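Note sheet for the following structure.
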Amino acid sequence: MMQFTNRQSLTGNFSTVGNMDDEEDFGPSIRCVMFALENEIYGIQVSKIREVLRVGNIRAVPGSSRQVLGVINVRGVIVTVIDSRVMFGLASKQVDDLSRIIIVELDDERTVGIMVDFVMEVKDIPEKKFEPLSSTKDNASRNIQGIAHFQDSVIILLDVDTMFYIHE
């Protein structure tokens, strides 16, 4: 279990990008936990994440939506676990040793777990590298805060507040 107790000092829990390929001053950055789904790289701001857990026993919730895998007990707190693959319209995948649940704090009282294929690292991404998406007709991009091209990767920054206020 990786627990985020001090969000400002996460460098001990993950590898971080300290030496950028070029030494250009990018200005303020957004610290993100990077994870993968299929062949895409996603990020969630560290300030929204409480911890990252290995996948344990998930109890099914009868009658819940297809996105809800079930609930887990995290030190006495019941947390709903969402299947991010279903949420993004991807094919289901068996849980394996690399699968993780990212525990996201929506507010002081509500948390949600997001099942992902694997957690990669924490990365500081310059704010100016993110480009906003324009809205589409069905507003499918509403859950995406921005997309960054950074260090040979395309990183999709998720807006977890929007994702879970809409899907409740």
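Just so it is clear, the structure is predicted and the values come from calculations on it, not from any experiment. Numbers for residues simply follow the sequence, beginning at 1.
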Should Asp83 and Arg66 be marked as a side chain to side chain contact (heavy atoms under 4.5 Å, CB included) after you check the CA-CA gap, both sets of side-chain angles, and the distance that decides it? CA-CA 8 Å; Asp83 186 343; Arg66 214 169 66 87; over 6 Å; no

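- Within the 4.5 Å cutoff, the side chain of Glu40 has heavy atoms near those of the Ile156 side chain.
- Connection of Val86 to Ile102 is not established within any shared hydrophobic cluster, with ILVMFWY side chains joined at heavy-atom distances below 4.5 Å, either directly or through further cluster members.
- Between the Arg85 side chain and the Ala91 main chain, a donor and an acceptor come within less than 3.5 Å of each other.
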Evaluate Ser99 against Val55 for side chain to side chain contact (heavy atoms under 4.5 Å, CB included), listing each step before the verdict. CA-CA 7 Å; Ser99 300; Val55 179; 3.8 Å; yes

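- Between the NZ atom of Lys129 and the OG atom of Ser29 there is a distance of 12.5 Å, given to the nearest 0.5 Å.
- Looking only at side-chain heavy atoms (C-beta outward), Val74 and Glu51 come within less than 4.5 Å of each other.
- Closest of all the heavy-atom pairs between Ser64 and Val61 is OG-O, 2.8 Å.
- Nearest heavy-atom pair across Ile72 and Asn57 is CG2-O, 3.5 Å.
- Contact of the Gln145 side chain with the Thr162 side chain is not registered, since no non-hydrogen atoms from C-beta on lie closer than 4.5 Å.
- Counting heavy atoms from C-beta outward, Ile49 and Ile103 have side chains that stay 4.5 Å or more apart.
- Hydrophobic clustering (ILVMFWY, side-chain heavy atoms < 4.5 Å, transitive): Val154 and Leu158 are in one cluster.
- Side-chain N or O atoms of Ser84 include one that pairs as donor or acceptor with a backbone N or O of Met115 at under 3.5 Å.
- For the pair Val112 and Val79, the tightest heavy-atom approach, listed with the atom from each and the gap, is C-CG1, 3.7 Å.
- Heavy atoms only, all atoms of each residue included: Gly43 and Cys32 are closest at CA-CB, 4.4 Å.
- Inter-residue side-chain proximity for Gln151 and Lys123 is flagged as met; some heavy-atom pair is nearer than 4.5 Å.
- Contact detail for Leu37 and Val116: the closest heavy-atom pair is CD2-CA, 4.1 Å.
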Show your working on side chain to side chain contact (heavy atoms under 4.5 Å, CB included) between Leu106 and Thr111 and close with a plain yes or no. CA-CA 6 Å; Leu106 299 176; Thr111 58; over 6 Å; no

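- Using a 4.5 Å cut-off between side-chain heavy atoms of Ile, Leu, Val, Met, Phe, Trp and Tyr, with links allowed through other members, Val71 and Val81 fall into different hydrophobic clusters.
- With contacts defined as side-chain heavy-atom distances shorter than 4.5 Å, the pair Ile144/Leu157 does not qualify.
- Phe130 has its ring centre no less than 6.0 Å from the ring centre of Phe150.
- Within the 4.5 Å cutoff, no side-chain heavy atoms of Arg100 are placed close to those of Leu53.
- For the pair Ile30/Glu127, a side-chain contact is recorded, criterion being any heavy-atom separation below 4.5 Å from C-beta on.
- Within a 6.0 Å radius of CG in Asp97, no more than 12 heavy atoms belonging to other residues, nucleotides or ligands are found.
- With values rounded to the nearest 0.5 angstrom, Arg59 atom CZ is found 8.0 Å from Ile78 atom CD1.
- What you find for Ile101 and Gly113 is that their closest heavy atoms are CG2-CA, 3.7 Å.
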Are Met163 and Met87 close enough, and set up right, to give a side chain to side chain contact (heavy atoms under 4.5 Å, CB included), and what steps lead you there? CA-CA 9 Å; Met163 286 172 65; Met87 182 176 274; 3.0 Å; yes

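- With hydrogens and angles disregarded, a donor-acceptor distance shorter than 3.5 Å links the side chain of Asp117 to the backbone of Glu38.
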